[in-house]
S.K.: 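Handing you a structure now.
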Amino acid sequence: MHFTRITDLSHTMYDTALKLYQISFPHHEQREKGSQEKILSDSEYHFYLIYDKAVFVGLILYWESTDFIYVEHFCILPEMRNKQYGQKALTLLMEQNKILLLEIDPPVDDISKHRKKFYERCGFVQNSFSHIHPPYHKENGGHSLLIMSCPKQISQSMFDAFNQYLKNKVMKNVFM
C-alpha cells in the first residue's frame, strides 16, 4: 500500500478523486471547488490517493504541522470497504510518528457509532474537548464534532494549538 500526492489540477486522477470525495461526504463537509484547488499547492496540505499496488482504493487529505497531522478528509471507495484498506492507510500515516488528529460526528446513530469504533480499533481515542468545526460554506454554521487522536489523548495546550491551526491555516481560504 502507498500514497500518491496530487499537487495540481492536471494530475490524471484528480477528477476521479474529486468524485469519490463528493460521494463520500455531505455537501456541508466539503470544501468549495475553488478552495480545494487553491490549497493543493500548499506545502502543509497533502491530497493523497491511496493505492494497493496499482489499484486506487481511496483518499486521505490531511494537513501536517510541526506538532501534529490533522486528517481533514478520509474515505475508501465503497466497493473497497471492509477490506482493511482504511486501517492500513492510517497505519501508514502513523509511521510519520506525529500525533494524528481527526474529527467525527458524535456517535448518535449506527453509522456514526460504527465509524467511532473503527477509529478506536485503529488506535484512536476520544478527547473530551467541546469542538465546533467552522463552516465550509458561507450559508452554513459550524457543527459540533468529536476530536479523536492517536496514539493518545491530547493536552489542553495541544487542543488549543489545533484550534488555532484550524482557524488560521486550514480554514484560511475556505470561502472562494
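Computed from heavy atoms alone, side chains included, the values below leave out hydrogens, waters and symmetry copies.
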S.K.: Contact between Val57 and Asp52 at the side-chain level, heavy atoms closer than 4.5 Å - yes or no?
M.R.: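 Counting from C-beta outward, Val57 and Asp52 do come under 4.5 Å.
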S.K.: Gln164: which residues meet the side chain to side chain donor-acceptor pair (under 3.5 Å) condition with it, sequence neighbours left out?
M.R.: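 Only Asn168 meet the side chain to side chain donor-acceptor pair (under 3.5 Å) criterion with Gln164.
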S.K.: First locate atom CG of Leu101, then atom OH of Tyr165, and finally report the distance between them rounded to the nearest 0.5 Å.
M.R.: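 Separation between the atoms: 11.0 Å.
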S.K.: Can you tell me how far apart SG (Cys150) and CG (Leu93) are? Round to the nearest 0.5 Å.
M.R.: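 Here the rounded value is 9.0 Å.
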S.K.: Would you mind reporting whether Ile132 and His143 have side-chain heavy atoms less than 4.5 Å apart?
M.R.: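 A side-chain contact is absent here, since even the closest heavy-atom pair is not under 4.5 Å.
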S.K.: Rounded to the nearest 0.5 Å, how far does OG of Ser24 lie from CG of Leu77?
M.R.: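 Between atom CG of Leu77 and atom OG of Ser24 there are 7.5 Å.
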S.K.: Tell me which one of Ser35, Pro135, Pro134 satisfies side chain to side chain contact (heavy atoms under 4.5 Å, CB included) with Val174.
M.R.: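 With Val174 as partner, side chain to side chain contact (heavy atoms under 4.5 Å, CB included) holds for just one option, Ser35.
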S.K.: What distance separates Gln30 CD from Tyr136 OH, expressed to the nearest 0.5 Å?
M.R.: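 The CD atom of Gln30 sits 10.0 Å away from the OH atom of Tyr136.
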S.K.: Identify the heavy atoms of Pro106 and Ser112 that sit nearest to each other, and give their distance.
M.R.: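 That would be O-OG, 3.3 Å.
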S.K.: I need the minimum non-hydrogen distance between Ile50 and Cys75, along with the two atoms involved.
M.R.: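 What the structure gives for the nearest pair is CD1-O, 4.5 Å.
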S.K.: Could you list the residues that satisfy side-chain contact (heavy atoms from CB on, under 4.5 Å) with Thr16, not counting sequence neighbours?
M.R.: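 Listed in chain order: Met13, Phe56.
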S.K.: Tell me every residue that passes salt bridge (Lys or Arg N to Asp or Glu O under 4.0 Å) with Asp42, counting only those two or more places apart in sequence or in another chain.
M.R.: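 Only Lys169 meet the salt bridge (Lys or Arg N to Asp or Glu O under 4.0 Å) criterion with Asp42.
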S.K.: Working to the nearest 0.5 angstrom, can you tell me the gap between His2 NE2 and Leu92 CG?
M.R.: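 So the NE2 of His2 and the CG of Leu92 are separated by 10.0 Å.
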S.K.: Which pairs count as salt bridge (Lys or Arg N to Asp or Glu O under 4.0 Å) when at least one residue sits in residues 65-89, sequence neighbours excluded?
M.R.: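 As it turns out, the salt bridge (Lys or Arg N to Asp or Glu O under 4.0 Å) pairs with a partner in residues 65-89, which skip direct neighbours, are Arg31-Glu72.
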S.K.: For this output row, return yes or no: ring centroids of Phe162 and His131 closer than 6.0 angstrom.
M.R.: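 Ring-ring flag for Phe162/His131: true, centres closer than 6.0 Å.
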S.K.: Any side-chain heavy atom of His27 within less than 4.5 Å of one from Gln22?
M.R.: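 The answer is no; the side chains never approach within 4.5 Å.
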S.K.: Return the set of residues passing side chain to side chain donor-acceptor pair (under 3.5 Å) with Asn140 (not counting sequence neighbours), or none when no residue passes.
M.R.: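 Counting only residues at least two positions away or on another chain, Asn140 forms no side chain to side chain donor-acceptor pair (under 3.5 Å).
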S.K.: If you apply the rule ring pair (Phe, Tyr, Trp, His ring centres under 6.0 Å), what do you find for Trp63 with Tyr70, and how did you get there?
M.R.: CA-CA 5 Å; Trp63 294 84; Tyr70 163 55; 8.0 Å; no
S.K.: Atom CD1 in Ile104, atom CD1 in Ile111: separation rounded to 0.5 Å?
M.R.: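 Separation between the atoms: 13.0 Å.
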S.K.: Quick one, Glu44 and Ile39 - any side-chain contact, counting heavy atoms below 4.5 Å?
M.R.: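 The answer is no; the side chains never approach within 4.5 Å.
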S.K.: Quick test of your reading: applying ring pair (Phe, Tyr, Trp, His ring centres under 6.0 Å), list the pairs with at least one residue in residues 7-26, sequence neighbours left out, ordered by first then second residue.
M.R.: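 Counting only pairs at least two positions apart or across chains, the ring pair (Phe, Tyr, Trp, His ring centres under 6.0 Å) contacts touching residues 7-26 are Tyr14-Phe47, Tyr21-Phe25, Tyr21-His73, Phe25-His73.
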S.K.: Tell me, please, which residues at least two apart from Tyr48 pass ring pair (Phe, Tyr, Trp, His ring centres under 6.0 Å).
M.R.: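 Tyr48 satisfies ring pair (Phe, Tyr, Trp, His ring centres under 6.0 Å) with Phe3, His46, Tyr62 only.
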S.K.: Of all residues at least two apart in sequence or in a different chain, which pass the ring pair (Phe, Tyr, Trp, His ring centres under 6.0 Å) check with His114?
M.R.: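 Scan of His114 (ring pair (Phe, Tyr, Trp, His ring centres under 6.0 Å), adjacent residues dropped) gives none.
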S.K.: For residues 91-112, which residue pairs qualify under salt bridge (Lys or Arg N to Asp or Glu O under 4.0 Å), counting only residues two or more places apart or in two chains?
M.R.: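 Sorted result for residues 91-112: Glu64-Lys98.
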S.K.: Could you walk me through whether Thr7 and Arg5 pass side chain to side chain contact (heavy atoms under 4.5 Å, CB included), step by step?
M.R.: CA-CA 6 Å; Thr7 56; Arg5 189 171 186 180; 3.9 Å; yes
S.K.: By side-chain contact (heavy atoms from CB on, under 4.5 Å), which residues pair with Ser155, not counting sequence neighbours?
M.R.: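 Per chain and number, Ser155 pairs via side-chain contact (heavy atoms from CB on, under 4.5 Å) with Ser157, Met158.
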S.K.: With sequence neighbours left out, what residues match Ser10 under side chain to side chain donor-acceptor pair (under 3.5 Å)?
M.R.: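 Once residues adjacent in sequence are excluded, the partners of Ser10 under the side chain to side chain donor-acceptor pair (under 3.5 Å) criterion are Asp8.
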S.K.: Any non-hydrogen side-chain atom of Pro78 less than 4.5 Å from a side-chain atom of Leu20?
M.R.: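 Answer yes - side chains close enough.
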S.K.: Taking the side chain as every heavy atom from C-beta outward, state whether Phe74 and Leu90 have any pair of such atoms under 4.5 Å apart.
M.R.: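 Side chain of Phe74 against side chain of Leu90, heavy atoms only: contact under 4.5 Å found.
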S.K.: Honestly curious: do Tyr51 and Ile76 fall in one hydrophobic cluster under the side-chain, below-4.5 Å linking rule?
M.R.: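 Looking at the clustering, Ile76 is in the same group as Tyr51.
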S.K.: Determine whether Leu61 and Leu145 fall in the same hydrophobic cluster, where Ile, Leu, Val, Met, Phe, Trp and Tyr are linked whenever their side-chain heavy atoms lie under 4.5 Å apart.
M.R.: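 No, because Leu61 and Leu145 fall into different hydrophobic clusters, even though each may have its own neighbours under 4.5 Å.
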S.K.: Taking atom CD1 of Ile23 as the centre, does the number of heavy atoms from other residues, nucleotides or ligands within less than 6.0 Å exceed 12?
M.R.: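 Atom CD1 in Ile23 is crowded, with more than 12 foreign heavy atoms closer than 6.0 Å.
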S.K.: Indicate every side-chain donor-acceptor pair of residues 121-128 with a distance under 3.5 Å to a residue at least two apart or in another chain.
M.R.:
| residue | atom | partner | partner atom | Å |
| --- | --- | --- | --- | --- |
| Gln126 | OE1 | Lys116 | NZ | 3.2 |
| Asn127 | OD1 | Ile154 | N | 2.8 |
| Asn127 | ND2 | Ile147 | O | 3.3 |
| Asn127 | ND2 | Ser149 | OG | 2.9 |

